[in-house]
Amino acid sequence: MLAGAVTDLLGACRSVLDCTLGGGGHALALLEAGVERVVGVDRDPDALESTAARLRSYTEAGRLITVESNYAALDDVPSLAGASFDGILLDLGVSSHQIDDEDRGFTFRAGARLDMRMGGGGGGDATGTAADLLNEADERALAAVFRDYGDEPRAARIAHEIVRRRANRPFSTSDDLVGAIRAVLGARSGAPDFARLFQAVRIAVNEEITGLETALPALRDRLAPAGTMVVIAYHSGEDRLVKNAFREWSAACVCPPRQPVCTCRGRPLGSTLTRRPISASDDEITKNPRARSARLRAWRSAA
């Protein structure tokens, strides 16, 4: 349902900016649907290289152009200066390939190193690894990570346990973080807890929430008239940002409620296309259980 919705919403566009190219699944579907040109952005050079090779016929024809960048920093990319698009796609989160690669440090499988940088082996634009965060952040900052990004009611206790343990031995592998989590949540804690709290660390390492907050209005301004933006979020904080942004952009007035005279733009910038978010189908969840938390929202700019 998600894949079909992306094609339905963006398949008639002439040009699409795919801000999270990853393995190129969405890009391929859009190119096959007739999109003339897809610009695929990713901060992971390995993903760009493998996807460009797999879709070589489209890259050679000039229909797929790849750009190494964080989607939150596209204004710093000279080749995209002044570029606008009929469609923009953001499929947030981490690709299955990245999670399954233990060298990338996203997994909580035993022995995996605590890296979690989206940019690959060189670290991309992340300033430090997950190990750096866990070993260097103070207790209050760690508690905020688990509370705000992991919805964890015992965030302060987990943060305290991490600080206590790192005083004896620095955190370096997934086992270290799993051990701290299990010490607080108990022996019955399992994969769902680890996945949620490892995701919280990943979001903090890559500054994903703040990056999305910065990127949304900048990407909106790159839409051509009557252009469509599609965002697939896997985290409640991300989805909330997207929902609120689309709601504000669709409002005619964003002045404070009691202000007697409107001093804002006085018109909607566009309209929300999805009254409720679109979720993954049962078939999609069966093929990829990580799609269970996916929520798709779409917005169209004014003509």
Side-chain angles (χ1 to χ4, degrees), residues 2-3 5-7 9-10 13 15-31 35 37-52 54-55 58-59 64-77 79-80 83 85-101 104 106 116-120 124-126 199 202-203 205-220 222-223 227-235 237-239 241-242 245 277-278 280 284 288 290-291 293-299:
L2 290 177
V6 170
T7 305
L9 289 160
L10 299 176
C13 297
S15 62
V16 172
L17 176 64
D18 184 346
C19 295
T20 46
L21 181 63
H26 289 306
L28 176 59
L30 293 172
L31 289 163
V35 174
R37 181 173 64 102
V38 173
V39 175
V41 175
D42 207 293
R43 65 171 89 177
D44 184 349
D46 293 338
L48 291 173
E49 183 179 356
S50 61
T51 298
R54 187 168 66 87
L55 304 182
Y58 292 105
T59 57
L64 174 63
I65 300 166
T66 58
V67 177
E68 182 179 344
S69 175
N70 182 340
Y71 65 75
L74 295 185
D75 288 345
D76 298 331
V77 180
S79 63
L80 295 180
F85 301 87
D86 301 313
I88 293 178
L89 171 65
L90 275 162
D91 187 352
L92 304 171
V94 182
S95 70
S96 295
H97 172 74
Q98 288 175 318
I99 292 176
D100 294 337
D101 183 353
R104 300 300 299 276
F106 292 108
M116 301 195 192
R117 294 171 294 179
M118 292 271 201
D125 54 347
Q199 175 182 262
R202 187 207 79 214
I203 288 172
V205 166
N206 294 285
E207 299 180 336
E208 294 173 42
I209 297 293
T210 54
L212 179 62
E213 191 172 18
T214 299
L216 285 171
L219 292 172
R220 177 200 65 206
R222 285 183 177 269
L223 279 175
T228 300
M229 181 185 294
V230 175
V231 184
I232 303 174
Y234 298 81
H235 181 269
E238 293 173 334
D239 183 55
L241 270 179
V242 175
I278 298 172
E284 287 174 319
N288 178 17
R290 296 176 184 127
S293 60
R295 299 291 182 269
L296 181 150
R297 296 181 188 272
W299 182 83

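Because only heavy atoms are used, hydrogens play no part in the values below, and waters and symmetry mates are left out as well, while side chains stay in. Residue numbers start at 1 and run along the sequence shown.
Remark: the backbone N or O of Leu2 is paired with a side-chain donor or acceptor of Glu284 at under 3.5 angstrom. Between the Thr51 side chain and the Gly22 main chain, a donor and an acceptor come within less than 3.5 Å of each other. For the pair Asp91 (side chain) and Thr20 (backbone), a donor-acceptor distance under 3.5 Å is absent. Between the Arg202 side chain and the Glu208 main chain, no donor and acceptor come within less than 3.5 Å of each other.
Nearest heavy-atom pair across Asp42 and Leu48 is O-CD1, 3.5 Å. Between Ser69 and Val77, the closest heavy-atom pair is OG-CG2, 3.5 Å. For Thr214 against Ala72, the heavy-atom pair with the smallest separation is CG2-O, 4.3 Å. Taking all atoms of both residues into account, the shortest heavy-atom contact from Gly237 to Ile209 is C-CD1, 4.1 Å. In this structure, Ser293 and Tyr234 approach most closely via the heavy-atom pair OG-O, 3.3 Å. Shortest non-hydrogen contact noted between Met116 and Asn206 is O-ND2, 2.8 Å.
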Show your reasoning for whether side chain to side chain contact (heavy atoms under 4.5 Å, CB included) applies to Asp44 and Met118. CA-CA 6 Å; Asp44 184 349; Met118 292 271 201; over 6 Å; no
From CA spacing to verdict: side chain to side chain contact (heavy atoms under 4.5 Å, CB included), Leu216, Met229: CA-CA 10 Å; Leu216 285 171; Met229 181 185 294; 4.1 Å; yes
His235 and Leu92: side chain to side chain contact (heavy atoms under 4.5 Å, CB included), yes or no, with the steps? CA-CA 9 Å; His235 181 269; Leu92 304 171; over 6 Å; no
Using side chain to side chain contact (heavy atoms under 4.5 Å, CB included), reason through Val6 and Ile232 one step at a time and then give a plain yes or no. CA-CA 9 Å; Val6 170; Ile232 303 174; 3.9 Å; yes
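With sequence neighbours left out, the side-chain contact (heavy atoms from CB on, under 4.5 Å) criterion links Ala83 to Phe85, Arg222.
Asp46 CG to Glu68 CD: the interatomic distance, rounded to the nearest 0.5 Å, is 9.0 Å. In this structure, CG in Leu31 is found 10.0 Å from OG1 in Thr59, a value given to the nearest 0.5 Å.
Residues Leu90 and Val242 are not in side-chain contact: their nearest non-hydrogen atoms beyond the backbone lie 4.5 Å or more apart. Contact check for Trp299 versus Leu223: side-chain heavy atoms found under the 4.5 Å cut-off. At a threshold of 4.5 Å between non-hydrogen side-chain atoms, the residues Leu10 and His26 do not count as touching.
Screening Leu21, Thr66, Leu74, Leu17 against Val39 for a side chain to side chain contact (heavy atoms under 4.5 Å, CB included) leaves a single residue, Leu17.
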